[in-house]
Amino acid sequence: MTVAQYIQSSSIPSYLSKDNLGPWETYLQQVEDVTPWLDKELHPWIETLRRPKRILIVDVPIKLDNGTVSHYEGYRVQHNLSRGPGKGGIRYHPDVTLSEVMALSAWMSVKNAVVNVPYGGAKGGVRVNPKQLSMGELERLTRRYASEINILLGPDKDIPAPDVNTNEQVMAWIMDTYSMNQGRTSTGVVTGKPVSLGGSLGRHDATGRGVFVTARSAANKINIPIKDARVVIQGFGNVGEAAARIFVQNGAKVIAVQDETGSIYNPNGLDVAALRQHRAVHKSFKDFPGVEKIDNAQFWQLPCEFLIPAAVEGQITRDNAKTISARVVVEGANGPTTPEADRILQERGSLIVPDVLANAGGVTVSYFEWVQDISSFFWSEDEINARLERIMTEAFEGVWEVAQAKKLPLRTAAYVVACKRILAARALRGLYP
Ligand code: NAD
């Protein structure tokens, strides 16, 4: 099987409806959209955006607790390294595909350039349902995967971080595996680590905080007060839960949330702290008191000021987009809106804060973590949050300015800002040899 055939055969994760583009095709469409807005001198380099620099496909065999051996497929893709080492998370999910990881790595190239942190884009994933593994099996899977992609990793080469179904513990195992192979402790090889191992204060909430900061910047532009604003969130994990909590701290009402187990609604606002505790114990929203259970269609139809998709790709499609009436859609997840849905939302008057801007808070504090590890000098949480706010606000203002000047949606404007930075670096470096 050729690589092209392989990519095609594995292109669409099962949670995407068949009539929508896959993530890589969505990304290619976004490159098409930005091309007319890029300076002519940069055009010869645009093809580099369509071609990942490196793709590594690995077999990850592990011994299960019952003594049998199971094999999993893993990937690490470095999309573009023109502006610095690869940076991007690692996802464990039964629907992970190569084309999805390619798209996620490309979105990291764009995101890192939007907030102007000195990284290229990379992403990794293993096709596995980690919820079916014991802790021991999860550790063996992580260590074997880290060993297999070890040839790409390093604090100045490629620096993973958490993504869907991976967390601080997984990052600690990757850091330890890499360090064992190097014969020295290398904390800067991953970010999103526990604070006791060189992790950064503020990293856990950073993506959700960035979602809030960009949502507030957008709201200021179109005169929506945060106080009592109605917020609807899909996904109650690292990003969704932190965003919910920070919105509530700032006076908004989170009226509905959805996760893999269902959707719950309370027009007066959910008790987010209690919901977090309930979910930690029961692993679902089931039996959470004082809420109404609603179905998927009702969830997307809810009138609200802010709709925050913070789960997986392709959740806002041409079907549910027609029912969405949110004033602002803030993309906490990567690639949650298909290109067709994007157009429908714009026609319906929603302002979309795109993923490459809205969820860049995570990689921004990852950058702070990496700088702190390299310099062995650690900052206070207040300092980190203040720097995060400044970078996110400046990035939003830069994108807003381009959008106003060229009359573009924020997504295309963000791609203009980012692709100019990536391609200018690429052009300056020139071709080797
Ligand atoms: P997570 O694993 O912590 O949480 C994911 C949440 O989404 C869970 O509540 C899960 O139940 C829910 N979910 C998954 N599939 C769903 C479906 N089909 N329908 C409804 N709910 C579903 O993951 P996370 O780290 O919060 O990441 C969420 C998204 O944000 C992903 O797209 C990820 O790439 C993106 N992101 C994460 C970070 C980060 O720092 N963690 C940074 C930038 C972007």
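Model, not experiment: these values are computed from the prediction. Start at 1 and go down the list; that is how both ligands and their atoms are numbered.
In P336, neither the side chain nor the backbone holds a heavy atom less than 4.0 Å from any atom of ligand 1. With a 4.0 Å cut-off on non-hydrogen atoms, T207 touches ligand 1 through its side chain and not its backbone. Contacts between R279 and ligand 1, counted as non-hydrogen atom pairs separated by less than 4.0 Å, involve the side chain only.
Applying the side-chain contact (heavy atoms from CB on, under 4.5 Å) test between L307 and each of V231, V330, I316 identifies I316 as the sole match.
Residue F236 places at least one N or O, backbone or side chain, under 3.5 Å from an N or O of ligand 1. Inclusion of H93 in the set of residues having an N or O under 3.5 Å from an N or O of ligand 1 is not warranted.
A donor atom on one side chain and an acceptor atom on the other are not found under 3.5 Å apart for Y145 and T177. Side-chain contact annotation: T191 with K87, donor-acceptor N/O pair under 3.5 Å present.
Using a 30° and 60° split on the angle between ring planes, W370 and Y367 fall in the tilted class, from 30° to 60°. Below 30°, between 30° and 60°, or above 60°: for W24 and H79 the angle between ring planes is above 60°, a perpendicular geometry. In this structure, F368 and W379 have tilted ring planes: the angle between them lies in the 30° to 60° band.
Shown in contact with Q258 at under 4.0 Å from a heavy atom are these atoms of ligand 1, numbered in order with element: 20 (C). Annotation for ligand 1: atoms under 4.0 Å from non-hydrogen atoms of R91 are 31 (C), 32 (O), 33 (C), 34 (O). The N359 neighbourhood of ligand 1 comprises atoms 43 (C), 44 (C), with distances under 4.0 Å to a heavy atom of that residue. The contact set between ligand 1 and A333, taken as ligand atoms under 4.0 Å from a residue heavy atom, comprises 29 (C), 30 (O), 32 (O), 35 (C). Applying the 4.0 Å criterion to heavy atoms of R203 picks out, from ligand 1, the atoms 40 (O). Less than 4.0 angstrom separates some heavy atom of V164 from each of these atoms of ligand 1: 2 (O), 23 (O), 27 (O), 31 (C).
Comparing G235, G262, A206, G335 against atom 12 (C) of ligand 1, the shortest heavy-atom distance belongs to G235. For atom 29 (C) of ligand 1, the choice among G332, S366, A311 with the nearest heavy atom turns out to be A311.
Around CD of E401, the count of heavy atoms belonging to other residues, nucleotides or ligands within 6.0 Å does not exceed 12. Counting heavy atoms of neighbouring residues, nucleotides and ligands inside a 6.0 Å radius, atom CD of Q298 exceeds 12 of them.
Counting only residues at least two apart or on different chains, the salt bridge (Lys or Arg N to Asp or Glu O under 4.0 Å) pairs with a member in residues 365-389 are K193-E369, K193-D373, R216-E389, E383-R387.
The closest approach between a heavy atom of E313 and any atom of ligand 1 is not below 4.0 Å.
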